[in-house]
Student: 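Following this message is one structure expressed as structure tokens.
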Amino acid sequence: MISKKNKLALFNPLSQENPVLVQILGICSTLAVTASLEPAVVMGLSVIVVLALSNVIISLMRNTIPSTIRIIVQLVVVAALVIIVQQFLVAFSYDVSKKLSVFIGLIITNCILMGRLEAFALNNRPWPAFLDGIGNGLGYTIILVIVAFFRELLGSGTLFGFQVIPQWCYDHGYENNGLMILPPMALITCACIIWVHRARNPQLQEK
Amino acid sequence: MTMNKNSNTYQIVYSAILVVLVGTVLALIYMSLKPMQDENIANDKRMQILSALHIAGGDNVKETYEKYIVLDMLVDDKGNVADTTAGVAFNVDMKANSKCDAQSRKLPVLKCKLDDGSTKYVIPVYGAGLWGPIWGFVAVDADGSTVYGANFSHEGETPGLGARIAEEPFQDAFKEKQLFKEGAFKNVEVVKKGQKPSNDGDYVDALTGATITSRGVSDMLAAGLAPYEPFLKKLQEN
């Protein structure tokens, strides 16, 4: 079940081939939903679910899909899955669905999805495709959570909505950094993570 | 079996089957989740109404709502209470209602009894922001003039700009504003800082960078509250 190749499919996207850090895919949603941890985690989970399922479905269909309309077929599958996720969120987690409203719909346009479908699911069997989906979804989620951690901590002084910076800090003149809440700081945080990541993985550095 | 996957027939049949299949699955899921979604949407509306009354919804929004909202009313254009069937005001579809002409328009009011024994009347309003619909609930004191609280929501106003109408600082500004000045109805206007309202009534500062959404709130209140003038006048006489 877990051959060496499958392990690569699952774990490589976490660091060496991280979709956000190395392939620079899915940046738009990384900027948009990382102002606090909760939507970031839900967004990450939603992408994992959609990515894994669409990878499996496309992989199962891969021998029947006419190559001329494969992009359309991929889009139909992804769009259907995204709508299903959205409906489930409205039914079971209404607050989150309100917060994420637009972004869930935008999973359809998340570059990671089409990228993995084209590059992996179309040429691989369902099980490796499933692992690849989980791996890439996790890789994306990890970055989302790291960015959201710093933005929420420095921007609002909270984590998952709970106050973590004690009141006496504020009493002594500490202030939340309002800039962290705004999208530009997500880009800068993300760039800092890429910097650290490249510094630790010299083979990724472009000459 | 060999089939030319790139023949026109294959492609058309393939896409047709795919679309029908996906459509069926989506329809089934939508149907089975609909009751829960409706419940969530109704609870969200209850939450907004309670928020206009400065009441926290808590874990069981429905229970809290039913505790404080004592009567659903439809009033007529003379200010008389026309209908008090349970849920009659809550279930008014404000979107369709706001498009009706003055005659056929329903005027829903929710009567509430707070912990301190005072009575408030919540009036729903509906209007247009910059990108989509905005709506809200205005709670009025039993004197028929003082605004007790307001809650505004929107579908897709710009985050950080127009979306701030749904935040507390803006909504709190409506507290204690008067809908009547010397017996004449003056809806609360939302005006830019430094400007004066056109009707000499009470006003609230507009949001910086959200001119059109602010104007939308102002117009929504003007159009939404004016038909209630007879009803509010009756409250003042009592």
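A quick note: this is a predicted structure, and the numbers were derived from the prediction, not measured. Letters A, B, ... mirror the listed sequences (proteins, then strands); counts begin at 1.
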Student: Against chain A, work out which of B:Leu26, B:Ile29, B:Val22 has the most heavy-atom pairs shorter than 4.5 Å and name it.
Tutor: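 Answer, by heavy-atom pair count under 4.5 Å with chain A: B:Leu26.
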Student: With a 4.5 Å cut-off on side-chain heavy atoms, are B:Ile49 and B:Tyr68 touching?
Tutor: no
Student: Using a heavy-atom cutoff of under 4.5 Å, enumerate the residues of residues 39-46 of chain B that contact chain A, numbered in order, or state 'none'.
Tutor: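 Against chain A, the residues of residues 39-46 of chain B that fall inside the cut-off (heavy atoms, under 4.5 Å) are B:Asn40, B:Ile41, B:Asp44.
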Student: Could you tell me which of B:Met47, B:Met36, B:Lys34 has the largest number of non-hydrogen atom pairs under 4.5 Å with chain A?
Tutor: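 Option with the greatest count: B:Met36.
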Student: Sort by residue number and list every residue of residues 182-200 of chain A having at least one heavy atom under 4.5 Å from chain B.
Tutor: none
Student: Quick one: which of A:Ile65, A:Leu113, A:Leu122, A:Ile57 gives a side chain to side chain contact (heavy atoms under 4.5 Å, CB included) with A:Gln74?
Tutor: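 That would be A:Leu122; it is the only one of A:Ile65, A:Leu113, A:Leu122, A:Ile57 passing the side chain to side chain contact (heavy atoms under 4.5 Å, CB included) with A:Gln74.
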Student: Apply ring pair (Phe, Tyr, Trp, His ring centres under 6.0 Å) to the pair B:Tyr65 and B:Phe90, showing each step before the final yes or no.
Tutor: CA-CA 11 Å; B:Tyr65 177 85; B:Phe90 182 79; 5.4 Å; yes
Student: Between the side chains of A:Asn12 and A:Glu17, is a donor N or O closer than 3.5 angstrom to an acceptor N or O?
Tutor: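 Distance-only check passes for A:Asn12 and A:Glu17.
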Student: Do B:Lys111 and B:Thr119 come within less than 4.5 Å of each other through their side chains, counting heavy atoms only?
Tutor: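 The answer is yes, as the side chains (C-beta and beyond) meet within the 4.5 Å cut-off.
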Student: Give a yes or no on whether a salt bridge exists between B:Arg215 and B:Asp219, defined as a side-chain N under 4.0 angstrom from a carboxylate O.
Tutor: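 Between B:Asp219 and B:Arg215 there is no salt bridge, as every charged N stays at least 4.0 Å from the carboxylate O atoms.
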Student: Within a 6.0 Å radius of atom OH on A:Tyr170, are there more than 12 heavy atoms belonging to other residues, nucleotides or ligands?
Tutor: yes
Student: Which atoms form the tightest heavy-atom contact between A:Ile58 and A:Leu117, and what is the distance?
Tutor: CG1-CD2, 3.7 Å
Student: Write down the atom of A:Val50, the atom of A:Leu81, and the distance for their closest heavy-atom approach.
Tutor: O-CD1, 3.8 Å
Student: Any idea how A:Phe130 and A:Trp127 line up, ring-wise: parallel (<30°), tilted (30 to 60°), or perpendicular (>60°)?
Tutor: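 Judged by the thresholds at 30° and 60°, the geometry between A:Phe130 and A:Trp127 is parallel.
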